[in-house]
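Everything below concerns the one structure shown next.
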Amino acid sequence: MTPQELASALARILTDIIASRGDAAEGVVVTEQDTQVERPKNREHGDWASNAAMKFAKRLGTNPRELATEIADRAAGIDGVAKAEIAGPGFINITLDAASAGETARRVVEQGEAYGRGDALAGQRINLEFVSANPTGPLHMGHTRWAALGDSTARVLRAAGADVTSEYYINDAGAQMDKFGRSVLAAALGEEAPEDAYPGEYIQDLGRRVAEQIPGLGELARTDRAAALEQAQELGYRLQLAEIQDSLERFNVHFDVFFSERTLHAAGPDGAPSPIEAAVDRLREQGHVFEEDGAIWVRTTDFGDDKDRVFTRGNGVYTYFAADAAYYLSKKDRGFGEKIYLLGADHHGYIGRLTAIAGAAGDDTETDITVLIGQLVNLNGARLSKRAGNIIELNDLLEWLGSDALRYWLARYPADSPLALDGEKVRSRSNDNPVFYVQYAHARTCAVDRNAATAGVRREDGFAPGLLTHETEAELLGKLQQYPGIVAGAAELREPHRIARYLEELAGAFHRWYDNCRVIPLREEPVGDLHRTRLWLNDAAGVVLRNGLDLLGVSAPERL
RNA sequence: GCCUUGGUAGCUCAGUGGAUAGAGCACUUCUCUCCUAAAGAAGGUGUCGGAGGUUCGAUUCCUCUCCAGGGCACCA
């Protein structure tokens, strides 16, 4: 008996009750959502509790306790329910048979990697864009939170059945790229850096590599500076992008699509208009475009933006907004329903204009676009910069803290909460570090497996769920049963931190159980069904810990 | 000025209208001849920033207000 099954059983009971009341209850509909049960904090309140009676009493013209009594009487008859009691203002507290609860252990083991996956978001094609850092330098501190959160969000959405494409938008056109090109060329030629050049040693490194890989660059620069600039810029860009992609892989962050801004500026075959040109035409057809002061504008204020936006400047150059609009249309044309943008708080001014683009494109601004704004991360205050004026690169963080610990800590908090990380704590391999607490629980399940094999305890020799009666076993089973609901909730709310918090609770329940219930018999003791059944439970815990860590992009080692 | 996100235990933070508001850390004690003690057990801590409102019930929703972070370009 899972909480979902219990909820649907309660929904049926309530529907029956409503039907039996006739006219008084006309039009009242019950869904599983209404009868969802929760795990009470207090064990005396049973295994699962429902507040449905309190929610429906008013609409049915009765009082909560009376309705609760009626529901509880019938709930007690559900197969697998040991008792159903009413308490407080109208809670229905349900206790399951040990065997019915224990059945979960086998179910989880048999489902393995599939346990926790669901179809709540099935049929949805979602585009999830995050990081999208300029390819003019390495990824740093500021990008890490979105990398971790975005990748975990993609995994969680997929686990809920969504068809997700994770996407990185490369700003490889425009003034920043030109500046980058000049910086790289100067470094490659050993010239003094231009006035507005990118600072940072990485430019020097790129310059050295560019000089190596383009043997005649110096000569070319003397005869045709523009050609040399273009070659240096292009190669520098390729090298830098490869570095970024390499860092992301090391961080276990995967993108399905790296989308180049240049493709939005490029004309189509046979001189067809570029996507940006096509975009302004499409918006014009919809009647959202006007000209003023020599510039071309989009009337985004019609869609709640706080000011209209310039599409083409007076000097004929497209704004960044123009590319954003064309990019949005590309996502729409590629068949995505919901487009999710994961942005830092420093970009929060984008919400209005992005939403307006969606509206102008004829999309539903409520459902087709989601802009998630996250607060910035702060690591040991600002003091951590190694060199004054220098940023902390993702690669350095990975070397210092490790991918697992960094991913876990970044995924552990909701995106909109300001986050101050303590590097020493993230690094510590002790019990004040939740990532190790959770990983240790998993490693323990593996240790138990190894020892069980040696001791001759085998799952296939028996399973007697009614024997899982210890208090810590009920608690652990309850936690395992909650997992699918946790995944579905995390997906629906786009809050992967819920997975991390859940895993910490699960690890706690596992450790407490481990301390109380032995899987391997003591020396003189024969192997019995209790040991075998506990091995199922141990393995079920291992499965869920592994599945959950995977959603966070964190490894589940078999030994620590 | 306008927009936006926070304010919960000494610290770092959970808490999608429910029961006595939680976890970890820190502090004090216990528990390995027995599956990994990187673990477990026990001990107390709150003006949920403040004031109104909505209702059976508010840390949660609404309004006002105080404090803090971020944002308000024909920049990229």
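Lettering of chains follows the sequences in order, A, B, ..., and the numbering in each one begins at 1.
Checking side-chain atoms of A:D305 against main-chain N and O of A:D308 turns up no donor-acceptor pair under 3.5 Å.
Residue-level contact check: A:N42 touches the bases, meaning some heavy atom is under 4.0 Å from a base atom. At a threshold of 4.0 angstrom between heavy atoms, the contacts of A:A295 include nucleobase atoms, whether or not backbone atoms are also involved. Using a 4.0 Å heavy-atom distance criterion, A:F311 is classed as making no nucleic acid contact. When heavy atoms are screened at a 4.0 angstrom cut-off, A:P64 is found touching no nucleic acid atom at all. Residue contacts shown for A:G349 are limited to sugar-phosphate atoms, with no base heavy atom under 4.0 Å away. A:A455 comes within 4.0 angstrom of nothing in the nucleic acid, heavy atoms only. Using a 4.0 Å heavy-atom criterion, one finds that A:A452 contacts no nucleic acid atom at all. Residue A:M177 is out of contact with every strand shown, counting any heavy-atom pair closer than 4.0 Å. If you check every strand for non-hydrogen atoms under 4.0 Å, A:E558 touches a base. Heavy atoms of A:R501 sit under 4.0 angstrom from primed sugar atoms or phosphate atoms, though from no base atom. Heavy atoms of A:C446 sit nowhere under 4.0 angstrom from any nucleic acid atom. The residue A:H347 sits apart from the nucleic acid: no heavy atom pair falls under 4.0 Å. Residue contacts for A:D449: at a heavy-atom cut-off of 4.0 Å it reaches no nucleic acid atom on any strand shown. Residue A:R450 is classed as a base contact, given a heavy-atom separation below 4.0 Å to a base.
Straight-line distance from the CG atom of A:D346 to the P atom of B:C72: 9 Å, rounded to whole Å. Distance OH (A:Y318) to P (B:C74): 18 Å, rounded to an integer number of Å. With rounding to whole Å, A:N433 atom CG is found 15 Å from B:G24 atom P. Taking atom CD1 on A:I351 and atom P on B:U4, their separation rounds to 9 Å, with Å as the unit. Computed from coordinates, the A:Q375 CD to B:C3 P distance equals 17 Å when rounded to whole Å. Protein atom CZ of A:R353 is 10 Å distant from nucleotide atom C1' of B:G71, rounded to whole Å. One interatomic measurement links the two molecules: NZ of A:K307 to P of B:C2, which rounds to 15 Å at whole-angstrom precision. Atom pair A:E524:CD and B:U33:C1' shows a separation of 14 Å (rounding to whole Å applied).
Base pairing of B:A23 is made with B:U12, judged by Watson-Crick or G-U wobble geometry with both donor-acceptor distances under 3.5 Å. The partner of B:A39, taking Watson-Crick or G-U wobble pairs whose two distances both stay under 3.5 Å, is B:U31. Using Watson-Crick or G-U wobble geometry with both donor-acceptor distances under 3.5 Å, B:C61 finds its partner in B:G53. When Watson-Crick and G-U wobble pairs are counted only if both distances are under 3.5 Å, B:C2 pairs with B:G71.
Between A:T312 and B:C74 there is no side-chain N or O to OP1 or OP2 distance below 4.0 Å. For A:K41 and B:A19, the shortest distance from a side-chain N or O to OP1 or OP2 is below 4.0 Å. Between A:N451 and B:U36 there is a side-chain polar atom (N or O) within less than 4.0 angstrom of OP1 or OP2.
Nearest to the side-chain atoms of A:K58 among the listed nucleotides B:G6, B:U55, B:G15 stands B:U55. When each of B:C25, B:G15, B:A38 is scored by its nearest atom to the side-chain atoms of A:L560, the top-ranked nucleotide is B:A38. When distances run from any side-chain atom of A:D416 to the nucleotides B:A76, B:U5, B:U36, the shortest one goes to B:U5. Closest to the side chain of A:D515, from the set B:A39, B:G6, B:U36, is B:A39. Nearest nucleotide to the A:N51 side chain, out of B:G18, B:U36, B:C34: B:G18. Of the candidate nucleotides B:C74, B:A19, B:G70, B:C74 has the atom nearest to the side chain of A:V310. Between B:G6, B:A39, B:C35, one nucleotide has an atom nearer to the side chain of A:Y440 than all others, and that is B:A39. Side-chain atoms of A:R518 lie closest to B:C35 of the nucleotides B:U36, B:C35, B:C25. In the set B:C75, B:G15, B:U36, B:C75 carries the atom at the smallest distance from any side-chain atom of A:Y350.
Taking the charged nitrogens against the carboxylate oxygens, A:E558 and A:R546 have no contact shorter than 4.0 Å, which rules out a salt bridge. Salt bridge A:R518/A:D515: absent, no basic N to carboxylate O contact under 4.0 Å. Using a cutoff of 4.0 Å between basic side-chain nitrogens and carboxylate oxygens, A:E475 and A:R43 are not scored as salt-bridged.
Proximity of A:N171 to A:Q176: side-chain heavy atoms (C-beta onward) are nowhere separated by under 4.5 Å.
The base of B:A19 lies close enough to the side chain of A:N93 for a donor and an acceptor atom to sit less than 3.5 Å apart. Side-chain N/O atoms of A:H348 and base N/O atoms of B:C3 include a donor-acceptor pair closer than 3.5 Å.
Between the C1' atoms of B:U45 and B:G10, the separation comes to 9 Å (whole Å). With both ends at atom P, the span from B:G53 to B:G6 equals 25 Å, rounded to whole Å. Taking atom C1' in both B:C74 and B:U16, one finds a spacing of 43 Å when rounded to whole Å. Rounded to the nearest Å, the gap between the C1' atom of B:C66 and that of B:C75 is 35 Å. Only the C1' atoms considered, B:U31 is 9 Å distant from B:A37, to the nearest whole Å. Of the C1' atoms belonging to B:G40 and B:C32, the separation is 11 Å, rounded to the nearest Å. Distance noted for atom C1' between B:C61 and B:A23: 26 Å (whole Å). Using atom P as the reference point in both B:U20 and B:C48, the two lie 15 Å apart (nearest Å).
Here A:Y413 does not pack flat against the base of B:C13, since the 5.5 angstrom centre distance and 30 degree tilt limits are not both met. Remark: ring of A:H511 does not overlap the six-membered base ring of B:G40 in a stacked fashion, as centroids less than 5.5 Å apart with planes less than 30° apart are not both met. Put simply, A:F436 does not rest on the base of B:A38: the two rings are not both less than 5.5 Å apart at their centres and under 30° in tilt.
In this entry the base of B:C32 is syn relative to its sugar, with a glycosidic angle within 90° of 0.
Ring centroids of A:H511 and A:Y437 are separated by less than 6.0 Å, placing the two rings close together. Taking the six-membered ring for Trp, A:H288 and A:F303 have ring centres closer than 6.0 Å.
The two residues A:D449 and A:D539 come nearest to each other via the heavy atoms OD1-OD1, 2.5 Å.
Counted within 6.0 Å of CD on A:E292, heavy atoms from surrounding residues, nucleotides or ligands total more than 12; the atom is thus considered enclosed.
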A:Y327 vs A:E167, side-chain hydrogen bond (donor to acceptor under 3.5 Å, both in side chains): CA-CA, chis, key distance, verdict: CA-CA 12 Å; A:Y327 185 32; A:E167 198 152 316; 2.8 Å; yes
